[in-house]
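Since this is a predicted model, take the numbers as computed values, not measurements. All chains are named by letter (A, B, ...) in the order of the sequence lines, taking the proteins before the strands, and each is independently numbered beginning at 1.
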Amino acid sequence: MESVTFTLNGVPRTVAVEPGLMLLDVLRDVLHLTGTKRGCDNGTCGACTVVVNGKAVKSCTFPLAKADGAEITTIEGLAQGEHLHPVQQALVDAGAIQCGFCTPGIVMDLYALFETQPDAPQQKIDNVLNRHLCRCTGYETIAEAAHLAQERIKETK
Amino acid sequence: MHPFDYYKPKDFDEAFAMLTQPGKKVIPLAGSTDIIPMVRDERWLPDAVVDIKGLPGLRDIKLVDSGPLCCAGQTAQCLYIGAAARMNEIAHSELVQQYASVLAQAAQEVGHEQVRNRATLGGNMGTASPAGDTLSALLVLEADVLVKGKDEERCIPALKFFLGPRKTALQPGEIILGVQVPPLPEGTLGRYLRISRRKGADLAIVGLSVMAIPAEGGYQWRIGLGAVAPTPIRVPEAETILATGHDEATVEKAIQATLAAARPIDDIRATAAYRREMVVQLTRRALQDIIAQIP
């Protein structure tokens, strides 16, 4: 067992776990933050995407030990009380959610993109959608939501 | 998942002590985007991993003077890229774009954004998949690989570094420090192209690196292929043909020579026949792209 300390959604956390555990295992099974989804579990589908030190990463292949000292944001960290983050609200407004399993990963990826690049060009937004496997929506409504989110974020910046 | 110990050394001495524990299978780990899926699939069963990502200097991208080991005898400065430089850092680096454009393009094709934020050049090299995007780029750049063991550093030309699928010239207990790219004349053109089933997440079905280097009376060409042989390969036959010119007929001959050099296999991603067809298409596309840029 070893202890790893990081900031999770703004709150300092220390967990004592087996060093071979992945960040995803710890988020879901130790900290019970189940918003981050386990999809393929091998770094392909994008469902487990979280933001570490401002960058989108796949938590299923992220050894927890690497999180020491990091600042981590998960889907649970975006809403302010009942006030959703613009990316989340846009997905709701565009009807871009069906089963919802891929949604947290997409939200975190778009969040990371618009935090650093609110003016991100179309290509970058397309690339975000390309790296998340969605079996329900056909992506059209997610693309709509991404644009809606970008418009709203730009208005406030 | 198979359990393993995780070590994070503070310095090289500690790293080598951890890497060379007798009777233990210990592997160096950087971005962990390859190793973790491999362990999960039980294709690798390490007793421990040593996270080398934080070791000093391993993330540098900078110009260096010619050294006693790598880049020897060069009069101009070489581009040094540390083994733990992330794919996104390489793809976005102005230095890499300027001095090794083909490598910046290849790094941009590795995995997805979330993977490129963590995956490293040294990891791509150490994994030594025949399909590794950056490997054919290193071959056409004729980069040198600087490696370090407990007692000494040595330099291995990239052309001699990749020995087979997942086999490299790295000795047990050695780690890759970085690569050094020799200087190229102004006006050098480079292009990396690849075909894959999905853009991003999947490995290349065929990867192709091409460079045209201004030389007396025309251009000297370098062609590298990935995913069509047990290692990334160069295609000297096609390079010799292109040295005579790049009119349409010569280009077609070079494409055929490139095809002849490919020895692809059938696998989960594509048949050998499809790979051969894609070698033809990619080579034509890359050569035409570069020829269109020749002033």
Legend entry - Side chain, backbone, both or neither of Asp41(A) within contact of chain B (heavy atoms, under 4.5 Å): both

Legend entry - Over 12 foreign heavy atoms within 6.0 Å of NZ, Lys154(A): yes

Inset, instruction - Hey, could you give me the OG1/CD1 distance between Thr61(A) and Ile35(B), rounded to the nearest 0.5 Å? - result: 11.0 Å

Legend entry - Other residues, nucleotides, ligands: >12 heavy atoms within 6.0 Å of Glu71(A) CD: no

Inset, instruction - Would you check if Ser32(B) and Lys66(A) make a side-chain contact, meaning some heavy-atom pair closer than 4.5 Å? - result: yes

Legend entry - Backbone of Pro37(B) reached by a side-chain donor or acceptor of Asn42(A) within 3.5 Å: no

Legend entry - Heavy-atom pairs under 4.5 Å with chain B, option from Gly43(A), Gly46(A), Cys60(A) with the top count: Cys60(A)

Inset, instruction - May I ask you to check whether over 12 heavy atoms, not counting those of Arg152(A), lie within 6.0 Å of atom CZ? - result: yes

Legend entry - Top contributor to chain A interface from Asn88(B), Val49(B), Asp51(B) [non-hydrogen pairs under 4.5 Å]: Asp51(B)

Inset, instruction - Could you tell me which of Thr49(A), Leu113(A), Val51(A), Val52(A) has the largest number of non-hydrogen atom pairs under 4.5 Å with chain B? - result: Thr49(A)

Inset, instruction - Specify the closest pair of heavy atoms between Asn130(A) and His112(B), including all atoms of both residues, with the distance to one decimal. - result: O-NE2, 4.1 Å

Inset, instruction - Give a yes or no on this: more than 12 heavy atoms of other residues, nucleotides or ligands lie within 6.0 Å of atom NZ of Lys25(B). - result: yes

Inset, instruction - Considering non-hydrogen atoms only, spot the tightest contact between Gln114(B) and Val57(A) and give its length. - result: CB-CA, 3.7 Å

Inset, instruction - Report, as yes or no, whether the 6.0 Å neighbourhood of atom CD on Gln281(B) holds more than 12 heavy atoms from other residues, nucleotides or ligands. - result: yes

Legend entry - Met22(A) side, atom CE; Met1(B) side, atom CE - distance, nearest 0.5 Å: 3.5 Å

Legend entry - Distance, nearest 0.5 Å, that separates CZ of Arg131(A) from CD of Glu113(B): 4.5 Å

